[in-house]
Amino acid sequence: GSTCAMLAAILERAGYRTALYSSPHLVRVNERFRVNGQEISDRDFAAGFTAVHQAVERLIEARVLPYHPSFFEYLTAVAFQHFASAAVDFAVLEVGMGGRLDATNVTDASVAVITNVDLDHQEFLGNTRTAIAAEKAGVIKPGRRVVSGCEHPEVREVVRQKCREAGVELIETLGLQSASNLFHLDGRYSFDLQAAGCNVTGITLKMAGRFQVKNALTAATAAARLGQAGFNIAPEAIREGLQAAQWPGRLEIIQH
């Protein structure tokens with residue numbers, strides 16, 4: 001979620017109309033659907049959900065669908081409906097769980113980003129980091145760039161092998177090794193970034209936590225790869241986006 005919020009903020013600062021789809025929501029379901037930082041309105045959410053529901057009922061009646069989609073699948077379809085209506089330039093999609101079988105994976109992403117893989121959702125994805133990594137590596141598609149922030153050696157090898165099989169370019173971020181002049185004040189970090197042709201100085205994150213520096217490096221690298229693919233994403237947009245990005249509930253100070 002943090003990495004997606006950072007990447008979306010960078011693209012917005014670069015002048016692109018940017019959508020962000022995330023999960024879960026903290027307070028209201030509307031939080032999951034944002035265009036240039038604005039949550040979907042109740043009216044647009046109701047209209048989008050109604051359109052998707054009507055399509056589902058038609059498909060079930062025609063026996064094209066054997067059963068109703070899951071809650072997450074419904075919402076993913078609503079996101080696509082809303083973002084298409086909003087005529088966005090970019091859509092940043094957070095995978096709900098895993099990757100290979102996730103509803104968001106019907107898309108053909110310009111760049112796939114895999115953040116650090118550890119043990120989570122084991123009842124669905126497997127009991128080892130290697131098994132979970134194999135599921136997450138399902139977002140890797142032929143001809144598309146991949147950015148990986150994975151740290152465990154066995155996970156990195158799974159991602160590397162999948163990229164070799166797909167014949168795609170892999171950029172691995174090096175964690176805090178890519179950050180210099182790193183220091184913090186009240187839990188928020190400032191640093192300079194040098195990674196994958198992306199050199200940005202004087203970044204100060206709004207989100208607290210040392211781990212957010214790693215997320216920022218991953219998001220910045222993904223943005224830089226898009227820049228190298230021909231999109232206009234200047235270093236200043238990367239700096240401004242990282243500094244502006246917020247994500248409620250991530251070490252958020254409620255009161256002192």
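The figures here come from the full heavy-atom set of this structure, side chains too, leaving out hydrogens, waters and symmetry mates.
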Handout entry: Side-chain donor/acceptor of Asn105 to backbone N/O of Gly138, under 3.5 Å
Key = yes
Fill in the blank from the handout: In this structure, CZ of Arg160 is separated from SG of Cys150 (nearest 0.5 Å) by 10.0 Å
Practice task
Check whether the side chains of Glu57 and His68 place a donor and an acceptor atom closer than 3.5 Å, and report yes or no.
Solution key: yes
Practice task
Go through the side-chain N and O atoms of Thr3 and Asn215 and say whether any donor and acceptor fall under 3.5 Å apart.
Solution key: yes
Problem - Under 3.5 Å: donor-acceptor pair, side chain of Gln81, backbone of Val52 - result: no
Exercise for the section: Please check if atom NE2 in His25 has more than 12 non-hydrogen atoms from other residues, nucleotides or ligands closer than 6.0 Å. Expected result: yes
Problem - Check against side-chain contact (heavy atoms from CB on, under 4.5 Å), Asn199 and Leu193 - result: CA-CA 5 Å; Asn199 298 297; Leu193 163 64; over 6 Å; no
Handout entry: Interatomic spacing from NE2 in His53 to OH in Tyr74 - rounded to 0.5 Å
Key = 5.5 Å
Practice task
Starting from the C-alpha separation in whole Å, work towards a yes-or-no answer on side-chain contact (heavy atoms from CB on, under 4.5 Å) for Gln243 and Lys206.
Solution key: CA-CA 6 Å; Gln243 294 187 155; Lys206 188 171 289 186; over 6 Å; no
Problem - Joint cluster assignment, Phe211 & Val147, ILVMFWY side-chain distance < 4.5 Å - result: no
Practice task
Taking the side chain as every heavy atom from C-beta outward, state whether Leu182 and Ser190 have any pair of such atoms under 4.5 Å apart.
Solution key: no
Handout entry: Hphob cluster co-occupancy, Phe49 + Leu59, side-chain heavy atoms under 4.5 angstrom
Key = yes
Problem - Side chain to side chain, Glu236 and Arg13, heavy atoms closer than 4.5 Å - result: no
Exercise for the section: Spell out, yes or no, whether Val29 and Leu20 are grouped together once hydrophobic residues are joined by side-chain heavy atoms under 4.5 Å, including indirect joins. Expected result: no
Exercise for the section: Decide side-chain contact (heavy atoms from CB on, under 4.5 Å) for Thr204 and Phe191; before the verdict, give the C-alpha distance in whole Å, the side-chain angles of both, and the deciding distance to 0.1 Å. Expected result: CA-CA 7 Å; Thr204 301; Phe191 59 97; over 6 Å; no
Practice task
Taking the side chain as every heavy atom from C-beta outward, state whether Arg17 and Val35 have any pair of such atoms under 4.5 Å apart.
Solution key: yes
Handout entry: Charged N-O contact under 4.0 Å between Arg144 and Asp108
Key = yes
Practice task
Treat each ILVMFWY residue as a node, draw an edge where side-chain heavy atoms are under 4.5 Å apart, and state whether Met97 and Phe72 are in one component.
Solution key: no
Exercise for the section: Would you check if there is a donor-acceptor pair between the side chains of Glu94 and Thr104 at a distance under 3.5 Å? Expected result: no
Handout entry: Within-4.5 Å side-chain heavy-atom neighbours: Tyr16 and Ile233
Key = yes
Practice task
Starting at OG1 of Thr18, measure out to CD1 of Ile10 and round the result to the nearest 0.5 Å.
Solution key: 10.5 Å
Exercise for the section: Answer yes when Arg164 and Glu157 have at least one side-chain N-carboxylate O distance shorter than 4.0 Å, and no when they do not. Expected result: yes
Handout entry: Test item: Ile171 and Val146 side chains (from C-beta on) under 4.5 Å apart, heavy atoms
Key = no
Practice task
Keeping the roles fixed (side chain from Lys162, backbone from Lys136), state whether a donor-acceptor pair exists under 3.5 Å.
Solution key: no
Exercise for the section: Kindly write out the residues that satisfy ring-ring contact (aromatic ring centres under 6.0 Å, His included) with Phe231, not counting sequence neighbours, or none if the list is empty. Expected result: Phe90
Practice task
Could you check if a side-chain atom of Glu39 sits within less than 4.5 angstrom of a side-chain atom of Arg28, using non-hydrogen atoms only?
Solution key: yes
Practice task
Would you give the length of the straight line joining atom CG of Asp192 to atom CZ of Arg239, rounded to the nearest 0.5 angstrom?
Solution key: 9.0 Å
Practice task
Dump the intermediate steps for side-chain contact (heavy atoms from CB on, under 4.5 Å) on Ile203 and Tyr189, then the final yes or no.
Solution key: CA-CA 8 Å; Ile203 300 168; Tyr189 282 78; over 6 Å; no
Problem - Carboxylate-amine/guanidinium contact Glu169 Arg225, below 4.0 Å - result: yes
Problem - In one Ile/Leu/Val/Met/Phe/Trp/Tyr side-chain cluster, 4.5 Å: Val111, Phe83 - result: no
Handout entry: Nearest-0.5 Å distance that lies between atom OH in Tyr21 and atom CG in Leu93
Key = 8.5 Å
Problem - Side-chain heavy atoms of Leu75 within contact of Phe33, under 4.5 Å - result: yes
Exercise for the section: Taking the side chain as every heavy atom from C-beta outward, state whether Glu151 and Lys214 have any atom pair closer than 4.5 Å. Expected result: yes
Exercise for the section: Give, for atom CD of Gln212 and atom OG1 of Thr218, the distance between the pair rounded to the nearest 0.5 Å. Expected result: 10.5 Å
